[in-house]
Protein chains: 2
Amino acid sequence: MRTEGRAKRLPRAVRERQIMDAAVDVFSRLGFHAASMDEISEVAGISKPMLYAYLGSKEELFATCIRREATRMMEAIATGVEPDQEPDVQLWSGLRAFFGFVGENRASWMVLHRQASTQGGPFAVELTDMRTRAVSLVAALLTQSTKAPATKLEAESLAAALVGAGESLAEWWLDHPEEPAGVVAARLMNLVWMGFGDLVEGNVWHPPSRR
Amino acid sequence: MRTEGRAKRLPRAVRERQIMDAAVDVFSRLGFHAASMDEISEVAGISKPMLYAYLGSKEELFATCIRREATRMMEAIATGVEPDQEPDVQLWSGLRAFFGFVGENRASWMVLHRQASTQGGPFAVELTDMRTRAVSLVAALLTQSTKAPATKLEAESLAAALVGAGESLAEWWLDHPEEPAGVVAARLMNLVWMGFGDLVEGNVWHPPSRR
DNA sequence: CAGTAGTCTTACTCACGAGTAGGTACCAGG
DNA sequence: CCTGGTACCTACTCGTGAGTAAGACTACTG
């Protein structure tokens with residue numbers, strides 16, 4: 001079944017990357033429990049003992065996957081968002097960065113959201129951490145821009161709702177990959193910024209003209 | 001460990017209910033793979049062969065759980081929503097019914113959303129089915145009320161976004177149970193009907209005075 | 001009181017998967 | 001050419017959990 005000729009001895013760092021990639025792939029397809037170390041090692045083109053020697057137990061491997069993918073994603077969003085802009089523009093660029101990342105890293109997103117959130121224990125912690133950062137980002141955006149007196153808890157829960165909406169819209173998007181990322185992002189932007197009440201009246205939000 | 005004296009012979013229908021309740025409990029806590037038929041049978045206060053005799057294999061049991069809980073939930077929403085009302089009122093009553101159900105049936109919701117959505121295969125079908133019904137309900141609400149020309153696909157994807165927002169707000173709510181259902185529902189209502197754009201201006205939506 | 005239908009159990013088989021023991025192949029530096 | 005270290009493997013152990021065989025106990029029915 002091995003298509004390429006037997007791969008030769010490779011330095012540890014390279015193997016570890018291969019293994020991580022394989023692990024993200026398998027975990028995203030099967031979930032933590034259904035994924036087997038045998039399959040991961042096979043996909044990685046390596047034997048099981050190597051896997052254990054380099055990445056430790058199954059749980060350690062999974063946690064490492066989550067940490068790596070979470071970091072990649074937060075960095076993608078951070079570089080995509082433009083601070084010192086109007087709140088709606090910031091939100092817009094953040095949404096674009098988010099959906100852009102998910103679109104190009106479906107497996108990463110699956111591991112992060114679907115798999116990690118359903119496993120209890122140490123895994124959820126990494127996730128909650130990332131989510132908390134995202135929520136407080138949005139919450140800050142809100143409180144910074146709001147003119148009405150709103151409690152901190154109000155802002156936080158609205159931010160949580162928005163983040164949740166983004167998460168599950170991304171989830172939904174997995175089943176409708178034909179839509180381009182920008183369209184999905186724009187839809188969510190319109191929904192959460194304008195609301196149905198405006199949308200049914202025909203009032204839509206659109207980004208400022210390109211600078 | 002058995003607290004009650006040995007339960008006597010019970011008719012099949014009763015046992016099946018006990019087993020289903022136990023299965024929903026265990027599946028919601030552990031997920032499909034981590035849940036064992038041994039534990040389910042123990043929680044149900046019955047032996048494993050009975051479980052197999054009555055409910056079939058583990059997969060069949062899980063699918064049956066999903067179907068039962070999905071039906072319960074859709075019925076709860078259907079009885080809660082008031083047709084022939086303004087769109088926003090319909091949406092409001094629907095949201096209240098939904099969050100009311102989730103609040104009083106956390107285990108059901110976990111099985112439905114968290115567990116079922118992460119298992120592939122025949123399980124997701126039941127789920128997709130329920131979700132589709134919900135989405136087309138909301139989509140109909142939208143197209144029925146919209147004054148602007150909107151494509152069917154536009155309405156459907158907005159509805160999907162709203163349903164997704166509801167789902168993950170419910171998910172979020174599981175970790176913040178101190179909030180009452182009505183408050184959570186109202187927050188989502190405000191978010192999706194008014195939008196942040198209005199909310200930061202202090203414009204909020206509120207239900208019509210009680211009839 | 002037989003017979004039979006339905007409830008219920010103990011005590012298995014068997015496969016699969018996590019983790020390991022105990023090596024072999026290859027490449028440095030001396 | 002040895003010596004050590006790192007990459008790498010085959011071939012196991014062992015626990016856990018799905019599913020079953022085979023029968024026991026109860027209750028109704030004639």
Side-chain angles (χ1 to χ4, degrees), chain A residues 1-23 25-65 115 119-123, chain B residues 1-23 25-65 115 119-123:
Chain A
M1 194 62 71
R2 191 76 54 76
T3 56
E4 11 163 356
R6 167 171 301 270
K8 300 308 291 279
R9 301 159 65 86
L10 294 176
R12 174 166 184 156
V14 177
R15 283 291 188 217
E16 283 186 349
R17 274 194 61 152
Q18 289 181 355
I19 295 173
M20 293 287 292
D21 293 342
D25 173 38
V26 175
F27 280 135
S28 72
R29 282 189 289 107
L30 304 178
F32 176 73
H33 266 286
S36 74
M37 296 297 262
D38 286 281
E39 173 149 8
I40 292 174
S41 66
E42 188 181 340
V43 170
I46 208 176
S47 71
K48 207 157 49 136
M50 290 303 299
L51 214 172
Y52 279 90
Y54 285 168
L55 275 310
S57 71
K58 187 181 182 184
E59 296 207 344
E60 287 175 62
L61 174 59
F62 189 55
T64 307
C65 285
Q115 312 308 343
Q119 313 301 331
F123 311 135
Chain B
M1 192 62 72
R2 192 75 56 75
T3 55
E4 10 162 356
R6 169 172 299 272
K8 298 310 289 279
R9 299 160 69 85
L10 294 176
R12 175 165 183 156
V14 176
R15 282 291 187 219
E16 283 187 349
R17 275 194 61 152
Q18 289 181 357
I19 294 174
M20 294 288 293
D21 293 342
D25 173 38
V26 175
F27 280 134
S28 71
R29 280 189 290 108
L30 304 178
F32 176 73
H33 265 285
S36 72
M37 295 296 262
D38 286 281
E39 173 149 7
I40 292 174
S41 67
E42 189 180 341
V43 170
I46 208 176
S47 70
K48 208 159 44 140
M50 289 304 298
L51 213 173
Y52 280 89
Y54 285 169
L55 275 311
S57 72
K58 187 182 182 183
E59 296 207 343
E60 288 175 61
L61 174 59
F62 189 55
T64 307
C65 285
Q115 312 306 344
Q119 311 302 331
F123 310 134

- Query: OP1 or OP2 of D/dC8 sitting under 4.0 Å from any side-chain N/O of A/Arg15?
  - Reply: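 Yes, because at least one side-chain N or O of A/Arg15 sits under 4.0 Å from OP1 or OP2 of D/dC8.
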Check whether any side-chain nitrogen or oxygen of B/Tyr54 sits under 4.0 Å from OP1 or OP2 of C/dT7, and answer yes or no.
->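 True: B/Tyr54 side-chain N/O within range (under 4.0 Å) of C/dT7 OP1/OP2.
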Got a second to check how far A/Met20's CE is from A/Phe27's CZ, nearest 0.5 Å?
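Nearest 0.5 Å value for the CE-CZ distance: 9.5 Å.
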task = Enter the distance from A/Lys58:NZ to A/His33:NE2 here, rounded to the nearest 0.5 Å.
result =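 Answer rounded to 0.5 Å: 6.5 Å.
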Take atom [atom1] of [X] and atom [atom2] of [N], then tell me their distance rounded to the nearest Å.
X	N	atom1	atom2	value
B/Met50	D/dA24	CE	P	17 Å
B/Ile46	C/dT10	CD1	C1'	15 Å
A/Glu16	D/dC8	CD	P	11 Å
B/Leu10	C/dC8	CG	P	6 Å
B/Glu42	C/dT9	CD	P	12 Å

Other residues, nucleotides and ligands only: do more than 12 of their heavy atoms fall within 6.0 Å of CZ on A/Arg17?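 Open.
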Verdict with supporting geometry, B/Ile46 and B/Gln18, side-chain contact (heavy atoms from CB on, under 4.5 Å):
CA-CA 9 Å; B/Ile46 208 176; B/Gln18 289 181 357; 5.8 Å; no
Query - Side chains of A/Glu42 and A/Asp38 in contact at under 4.5 Å (non-hydrogen atoms) - result: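 Side chain of A/Glu42 against side chain of A/Asp38, heavy atoms only: no contact under 4.5 Å found.
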Query raised in the report: Has the side chain of B/Arg9 got a donor or acceptor atom sitting under 3.5 Å from an opposite partner on the base of C/dC8?
Result: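 There is none.
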Per-nt protein contacts along nucleotides 14-22 of chain D (heavy atom under 4.0 Å; B base, S backbone sugar-phosphate only, - none) come out as ---SBBBB-
Aromatic rings B/Phe62 and B/Phe32: how do their planes relate, parallel, tilted or perpendicular, breaks at 30° and 60°?
->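 The rings of B/Phe62 and B/Phe32 sit tilted, inter-plane angle from 30° to 60°.
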